[in-house]
Amino acid sequence: MTATGADQRTAETTARGYWWWGRRRSVALDVGLALVSALECALEGVDFAGRAGLPTALGVVFGLLAGSVLLVRRRWPIAVVLVSIAMTPAEMGFLMALVGLYSLAASEVPRRITVVLAGMSLVGTLIVTYLRLRQSVAEQADFGPGDWYVPLMSAVMSVGLTAPSVLFGLYIGARRRLMESLRERADSLERELSLLADRAEERAEWARTEERTRIAREMHDVVAHRVSLMVVHAAALQAVAPKDPAKAVRNAALVGDMGRQALTELREMLGVLRSGDASAASAGAGGAPPLAAVGRVAAAAAAAAVSEDGPRLCEVEALVAQSREAGMTVELSVDGDLRAYAPEVEQTAYRVVQEALTNVHKHAAGAKTWVRLAHRGAEVAMQVENGPSDGAVADAGLPSGGNGLVGMRERVLGLGGVFVSGPTDAGGFRVSAVLPDAAGAAETAEAV
């Protein structure tokens, strides 16, 4: 047999135990008790053979065989107790009776069976003790106790030989079951802790994913629109520079202004993220759990997404003006009175209009565009629609990562709004969004 096979067999033996024994010391204990019991029964078998008129060798062999039954006390405790009860009239198996009753009471045998067998052992011991004491008292002529002596001593001796083993076995069995229950509870708690750790890791991974998605969306919103306008103006600058130097100077100034605005917005957002990273790092150095650190970073990213200094709906007109300066034909219409919304609502509405105009610059150069805003009691709606692209206008060649519509949808749905986008029958494209306004809804309910 190879070493690997031997190790495997040893591991299987350790897992199974030895027959019905779970540990080696249990084997050694039971074998030792069986040897002592067999020796005791063999010595008592000599006296039994002499009293019964049997050959001494037969009494010794009978005692050896009967005492060896103690070897199976863990597997078949009922058999051990029955053998000890059967040997009670022969006054054999004192150790086997004590250990057998203990093993029976400590085992998983139903309590009613234990009570019945313990009662049978008690009655048998009481009868044998009563007869032996009565005979002993009768043989001693000078010893004349009262009639109470033999019954009382018989009861005391039979109870003393039976009750301690049974009570101690019941205690050990209850303690063993309690320990098993506690061990199972500890295993269950360990499994629950492992499950909680896995869930915490999943939440941490989800927080990291959300953070990366949020940062990517903010970077896209901040950079894509400004850079798209810069590219459009740069293309116009290249086209008009030889013909109209004054217009080229104006376009160059616009490109510079947009670049500075993009840098300012990037610095603001990165500053918030950097402060969040610093706080998360200091928390991690101070012993905070990794999940808490991730939560702080995610909170910082959320702060970057919703800032009090972020864009507002009142700036949409300036946003449309920038697209007009880039050569786009844009019409802006506003329904309802402009009012203050929650910062996340205003910034999301602004970003939707901004990204929709950016997509027009990228994919529908020269197309006429309509921007509509509607201020309602419990919501604000926006729609950006462009007609078909003007084939006479050269494409600016702006790259597209396909994240603009995804980012807009995530923003709107994250606030419980509705987002719809798709081509129009006229060959253009339409982006529509409706954002709920909790403050406006509350005011409307109060007025009603």
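Owing to the predicted nature of the structure, the values given are computational and were not obtained by experimental measurement.
Each side chain to side chain donor-acceptor pair (under 3.5 Å) pair with one or both residues in residues 78-87, not counting sequence neighbours, would appear here, but there are none. For residues 370-389, the pairs satisfying ring pair (Phe, Tyr, Trp, His ring centres under 6.0 Å) are Y341-H375, with sequence neighbours left out. Screening residues 416-430 for side chain to side chain donor-acceptor pair (under 3.5 Å) gives E385-R430 as the qualifying pairs, with residues at least two apart or on separate chains. Under the ring pair (Phe, Tyr, Trp, His ring centres under 6.0 Å) criterion, no residue pair touches residues 407-437, with sequence neighbours excluded.
Counting heavy atoms from C-beta outward, L435 and M382 have side chains that approach closer than 4.5 Å. Inter-residue side-chain proximity for S194 and E190 is flagged as unmet; no heavy-atom pair is nearer than 4.5 Å. Using a 4.5 Å heavy-atom threshold, the side chains of V352 and R411 count as separate. For the pair V81/R73, no side-chain contact is recorded, criterion being any heavy-atom separation below 4.5 Å from C-beta on. Considering only heavy atoms from C-beta on, V371 comes within 4.5 Å of L357 through its side chain.
In summary, D437 and R339 engage in a salt bridge, as defined by a charged side-chain N under 4.0 Å from a carboxylate O. Salt-bridge check for R372 with E331: failed, with every basic side-chain N at 4.0 Å or more from each acidic carboxylate O. A salt bridge does not link R183 to E180: none of the charged nitrogens lies less than 4.0 Å from a carboxylate oxygen.
Looking at S158, its side chain does come within 3.5 Å of a backbone N or O of A155 through a donor-acceptor pair. S103 places a side-chain N or O within donor-acceptor distance of the main-chain N or O of V99, the cut-off being under 3.5 Å. Between the side chain of S121 and the main chain of L117, no donor-acceptor pair closer than 3.5 Å is present. Side-chain N or O atoms of Q383 include none that pairs as donor or acceptor with a backbone N or O of L373 at under 3.5 Å.
Residues A106 and R176 come closest through the heavy atom pair O-NH1, 3.2 Å. Taking both residues in full, the closest heavy atoms of P77 and V109 are given as CG-CG2, 4.2 Å, listed atom of the first, atom of the second, then distance. Scanning both residues, M328 and A367, for their nearest heavy atoms gives CG-O, 4.0 Å. Taking each heavy atom of T88 and T125 in turn, the nearest pair found is CG2-N, 3.9 Å. A pairwise comparison of heavy atoms in V353 and L319 identifies CG1-CD2, 4.0 Å as the closest pair. The two residues L101 and S165 have their closest heavy-atom pair at CB-CB, 4.0 Å.
To the nearest 0.5 angstrom, E184 atom CD is 12.0 Å from L189 atom CG. To the nearest 0.5 Å, atom CZ of residue R177 and atom CG of residue L182 are 13.0 Å apart. Rounding to the nearest 0.5 Å places CD of E355 at 7.5 Å from CG of L405. Atom OG1 of residue T348 and atom CD of residue E410 lie 11.5 Å apart, to the nearest 0.5 angstrom. The structure places OG1 of T369 at 12.0 Å from CG of L332, a figure rounded to the nearest 0.5 Å. Separating the CD atom in E346 from the CD atom in E315 is a distance of 9.0 Å, to the nearest 0.5 Å.
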Open item on the list: Please determine whether side chain to side chain contact (heavy atoms under 4.5 Å, CB included) holds for the pair R74 and L29, giving the CA-CA distance in whole Å, both sets of side-chain angles, and the decisive distance to 0.1 Å.
Closed with: CA-CA 11 Å; R74 297 179 190 267; L29 177 61; 3.8 Å; yes
Task: Candidate pair M408 and V431, rule side chain to side chain contact (heavy atoms under 4.5 Å, CB included), full reasoning - done: CA-CA 10 Å; M408 285 190 284; V431 173; 4.2 Å; yes
Task: Worked verdict on V412 versus V418 for side chain to side chain contact (heavy atoms under 4.5 Å, CB included) - done: CA-CA 6 Å; V412 173; V418 179; 5.6 Å; no
Task: Test salt bridge (charged side-chain N to carboxylate O under 4.0 Å, His left out) applied to R376 and E379, step by step - done: CA-CA 5 Å; R376 301 164 186 169; E379 60 188 14; 2.8 Å; yes
- [ ] Go through the steps to decide whether Y102 and V166 satisfy the test side chain to side chain contact (heavy atoms under 4.5 Å, CB included), and finish with yes or no.
- [x] CA-CA 5 Å; Y102 161 78; V166 175; over 6 Å; no
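Not counting sequence neighbours, E317 has no partner by the side chain to side chain donor-acceptor pair (under 3.5 Å) test. Take Y171 and apply the ring pair (Phe, Tyr, Trp, His ring centres under 6.0 Å) test, not counting sequence neighbours, and it matches no residue.
Atom CZ of R324 is surrounded by more than 12 heavy atoms from other residues, nucleotides or ligands within 6.0 Å. By the 6.0 Å contact criterion, CZ on R111 is enclosed, its count of non-hydrogen atoms from other residues, nucleotides or ligands being greater than 12.
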